[in-house]
**Student:** 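What follows is a single structure, and I will ask about it in a moment.
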Amino acid sequence: MEYGVDRIGQHAGLLNGRVALATSPSGRTSGLQSTIERLREVCSLQLLLAPEHGVRGDKGAGENFENAVDGPSGLPVASLYGKEASHHLSEEACAAFDILVYDIQDVGARCYTFISTLQILLEDCARYGKRLIMLDRPNPLGDMAEGMLLRLDTRSFVGCYDIPLRYGLTCGEFALMVNHERDLGCDLQVIPCLGWNRHALFPELNKVWVMPSLAMPRFETALLYPGTCMLEGVNCSEGRGTADPFAILGAPYIDAETLTARFNAMKLPGVIATPLYFTPSASKYAGEMCGGMHLHVTDAHRVQPVALGMQLLALIRELYPKHFSLLPPLREGDMPFLSKLAGHRLFENADWPVEDWLACAEREAAAFAARKQAYHLY
């Protein structure tokens with residue numbers, strides 16, 4: 001199986017002109033050569049564009065940073081994650097290139113911000129008449145779609161498009177969908193992977209897992225993330241500052257054995273938990289002892305992470321009603337962060353009929369699975 005970047009030499013004719021590259025530490029060939037180095041071998045690479053975490057992964061989650069110079073390559077870097085809330089390219093940056101290449105490994109979850117950056121770059125390339133070349137990569141979570149569609153009144157940088165939390169498309173396919181459905185008119189070219197079965201999960205590809213970000217250390221993290229990411233919007237630790245983020249979960253008010261026993265009694269497919277006490281070194285509850293649990297994937301093809309996340313939130317709320325709460329909005333007058341992550345505002349209601357929500361999610365995911373087939377490249 002070959003990534004799009006592995007095949008760039010066969011498509012070098014598309015790169016005649018000044019080239020910019022949007023990439024991150026995951027932008028590497030199958031042989032682990034950086035895409036920056038590979039492009040410099042076949043074209044005139046002039047500029048790097050840095051998404052969240054930076055081109056080299058040296059920026060923290062949510063950390064704003066400004067334009068700079070990339071030390072290893074000496075190339076200028078235009079920040080896509082500066083203090084400017086829109087995250088759009090400046091006219092000055094757009095004037096520095098003719099062709100934009102995109103090569104970032106995504107994790108298949110709507111709230112992971114790289115696809116928000118991709119949508120913005122599609123808009124910018126259409127506006128300024130630039131060609132966008134996608135070096136496609138597999139969706140590590142395969143083809144499955146899961147969860148409710150994002151409601152338009154919850155759109156944000158952690159939820160940019162009306163797709164489910166687990167959306168079952170490659171980045172190239174997502175770009176084709178946005179370009180067509182929004183009639184952007186971007187000159188979009190996708191260099192597809194070769195030999196990828198869209199139903200395969202990442203461990204079946206026999207490739208090295210290069211962390212898309214430091215909080216995504218392994219495939220199982222990415223698999224659980226579309227569900228356990230929702231804990232980032234409540235007063236529970238999602239495991240940041242531990243050895244296994246998004247699989248280690250808890251809070252100071254939680255009894256580990258009680259929560260784990262109740263969670264395992266739900267018999268959710270493909271996952272089991274063990275009780276755990278832990279002290280995060282960063283983020284929520286840094287330096288405080290938390291009770292909680294450690295999630296273990298037993299069958300990756302059966303795990304339904306979005307349903308797991310919704311049921312887990314409801315369980316913690318049921319067990320600890322006097323302690324559990326949604327985190328307040330990041331800005332006055334805004335919605336709670338959980339609503340942005342979930343893509344709907346149902347968690348703000350007093351009643352939580354989770355079974356009804358799961359039935360709605362199943363219907364909407366099935367409709368989306370049919371809708372997305374028009375953009376399948378594999």
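Just so you know, residue 1 is the first one in the sequence shown, and it goes up from there. Any value given below was found using the heavy atoms of this structure, including those in side chains, with hydrogens, waters and symmetry copies removed.
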**Student:** Decide, yes or no, whether a salt bridge links D103 with R137 under the criterion of side-chain N to carboxylate O below 4.0 Å.
**Tutor:**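 Salt bridge: yes.
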**Student:** Could you check whether any side-chain N or O of D6 sits under 3.5 Å from a backbone N or O of T29, counting only pairs where one atom can act as donor and the other as acceptor?
**Tutor:**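 Such a contact is absent between D6 side chain and T29 backbone.
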**Student:** If I take atom SG from residue C290 and atom NZ from residue K284, how far apart are they, to the nearest 0.5 angstrom?
**Tutor:**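 With rounding to 0.5 Å, SG (C290) is 10.0 Å from NZ (K284).
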**Student:** If you count heavy atoms of other groups shown closer than 6.0 angstrom to CZ of R127, is the number above 12?
**Tutor:**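 Counting neighbours around CZ of R127, 12 or fewer heavy atoms of other residues, nucleotides or ligands fall under 6.0 Å, so no.
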**Student:** If you count heavy atoms of other groups shown closer than 6.0 angstrom to CD of Q189, is the number above 12?
**Tutor:**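 More than 12 within 6.0 Å, yes.
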**Student:** Tell me, please, whether F324 has R317 positioned over its six-membered ring: NZ or CZ under 6.0 Å from the ring centre and within 45 degrees of its axis?
**Tutor:**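 No, R317 does not sit over the ring of F324.
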**Student:** Atom OG of S325 and atom CD1 of I316: how far apart are they, to the nearest 0.5 Å?
**Tutor:**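 One gets 11.5 Å once the value is rounded to the nearest 0.5 Å.
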**Student:** Enumerate the residue pairs fulfilling ring-ring contact (aromatic ring centres under 6.0 Å, His included) with a member in residues 239-261, sequence neighbours excluded, ordered by first and then second residue.
**Tutor:**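 Found Y225-F246, Y253-Y320, Y253-H323.
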**Student:** Side-chain contact test, heavy atoms from C-beta onward, threshold under 4.5 Å: evaluate it for L327 versus P336 and give yes or no.
**Tutor:**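 No; the side chains remain at least 4.5 Å from each other.
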**Student:** Hydrophobic clusters here meaning ILVMFWY residues chained together by side-chain heavy-atom distances under 4.5 Å, can you tell me if I248 and I272 are in one?
**Tutor:**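 No: no chain of side-chain contacts under 4.5 Å links I248 to I272.
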**Student:** With a 4.5 Å cut-off on side-chain heavy-atom distances among I, L, V, M, F, W and Y, is there a chain of contacts connecting V354 to L249?
**Tutor:**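 The answer is yes; both residues are in one hydrophobic cluster.
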**Student:** Determine whether L176 and M134 make a side-chain contact, defined as any pair of heavy atoms from C-beta on separated by less than 4.5 Å.
**Tutor:**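 No - every pair of side-chain heavy atoms lies 4.5 Å or more apart.
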**Student:** In the single-linkage hydrophobic clustering (I, L, V, M, F, W, Y; side-chain heavy atoms under 4.5 Å), do L338 and M335 co-cluster?
**Tutor:**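 They do not share one cluster, since no chain of ILVMFWY contacts under 4.5 Å joins L338 to M335.
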**Student:** Donor-acceptor check, side chain of S339 to backbone of R345, threshold 3.5 angstrom: yes or no?
**Tutor:**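 Side chain of S339 to backbone of R345, a donor-acceptor pair under 3.5 Å: no, none is there.
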**Student:** Between the side chain of E364 and the main-chain N/O of L149, is any donor-acceptor distance below 3.5 Å?
**Tutor:**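 Pair found, side chain donor or acceptor close to backbone of L149.
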**Student:** Among F114, F157, F65, whose ring pair (Phe, Tyr, Trp, His ring centres under 6.0 Å) with H87 holds?
**Tutor:**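 Passing option: F157.
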**Student:** Atom CZ of residue position R371 - does it have more than 12 heavy atoms of other residues, nucleotides or ligands inside 6.0 Å?
**Tutor:**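 Count over threshold, so yes.
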**Student:** Can you run down the ring-ring contact (aromatic ring centres under 6.0 Å, His included) pairs that involve residues 180-201, sequence neighbours left out, and say none if there aren't any?
**Tutor:**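 Applying ring-ring contact (aromatic ring centres under 6.0 Å, His included) to every pair that reaches into residues 180-201, excluding sequence neighbours, yields H180-Y375, W196-Y378.
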**Student:** More than 12 non-hydrogen atoms from neighbouring residues, nucleotides or ligands closer than 6.0 Å to CD on E91, yes or no?
**Tutor:**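 It does not: E91 CD has 12 such atoms or fewer within range.
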**Student:** Check whether NZ of the Lys or CZ of the Arg K372 lies under 6.0 Å from the centre of the six-membered ring of Y167 and within 45 degrees of that ring's axis.
**Tutor:**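 Relative to the ring axis of Y167, which defines the angle, K372 lies outside at least one limit.
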**Student:** About how many Å separate CG of L150 and OH of Y161, when rounded to the nearest 0.5 Å?
**Tutor:**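 Separation between the atoms: 11.0 Å.
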**Student:** I'd like to know if M144 and V271 are part of one continuous hydrophobic network [Ile/Leu/Val/Met/Phe/Trp/Tyr, side-chain heavy atoms within less than 4.5 Å].
**Tutor:**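 The answer is no; the residues belong to distinct hydrophobic clusters.
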**Student:** Under the 3.5 angstrom rule, does the side chain of N264 hit a backbone N or O of A273 as a donor-acceptor pair?
**Tutor:**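 Side chain of N264 to backbone of A273, a donor-acceptor pair under 3.5 Å: yes, one is there.
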**Student:** Would you give the length of the straight line joining atom CG of L122 to atom NZ of K130, rounded to the nearest 0.5 angstrom?
**Tutor:**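 If I round to the nearest 0.5 Å, the distance is 15.5 Å.
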**Student:** Mind checking whether V158 and F337 have side chains closer than 4.5 Å, heavy atoms only?
**Tutor:**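 V158 reaches F337 side chain to side chain.
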**Student:** Using a 4.5 Å cut-off on heavy atoms from C-beta on, say whether the side chain of L169 contacts that of R198.
**Tutor:**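 Of all side-chain heavy-atom pairs linking L169 with R198, at least one is under 4.5 Å.
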**Student:** Nearest 0.5 Å please: distance from the CZ atom of R363 over to the CE atom of M148.
**Tutor:**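 Answer rounded to 0.5 Å: 8.5 Å.
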**Student:** Can you tell me if D351 has over 12 outside heavy atoms packed within less than 6.0 Å of its CG?
**Tutor:**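 12 or below, so no.
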**Student:** Using distance only, find each side-chain donor-acceptor pair of residues 208-218 under 3.5 Å and give its atom names and separation, not counting sequence neighbours.
**Tutor:**
unit_1	atom_1	unit_2	atom_2	d
W209	NE1	M216	O	3.1
S213	OG	Y112	OH	2.6
R218	NE	D244	OD1	3.1
R218	NH1	E220	OE1	3.4
R218	NH2	D244	OD1	3.1
R218	NH2	D244	OD2	2.5

**Student:** With side chains defined as the heavy atoms from C-beta onward, is the minimum distance between D106 and L118 less than 4.5 Å?
**Tutor:**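 Side chain of D106 against side chain of L118, heavy atoms only: no contact under 4.5 Å found.
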**Student:** Examine V42 and Y102 and state if one hydrophobic cluster contains both, with Ile, Leu, Val, Met, Phe, Trp and Tyr joined whenever side-chain heavy atoms are less than 4.5 Å apart.
**Tutor:**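 Same cluster.
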**Student:** Side-chain contact, heavy-atom cut-off 4.5 Å: F174 with I163?
**Tutor:**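 They are in contact (side-chain heavy atoms under 4.5 Å apart), so the answer is yes.
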**Student:** Enter the distance from Q304:CD to M310:CE here, rounded to the nearest 0.5 Å.
**Tutor:**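 The distance works out to 12.0 Å.
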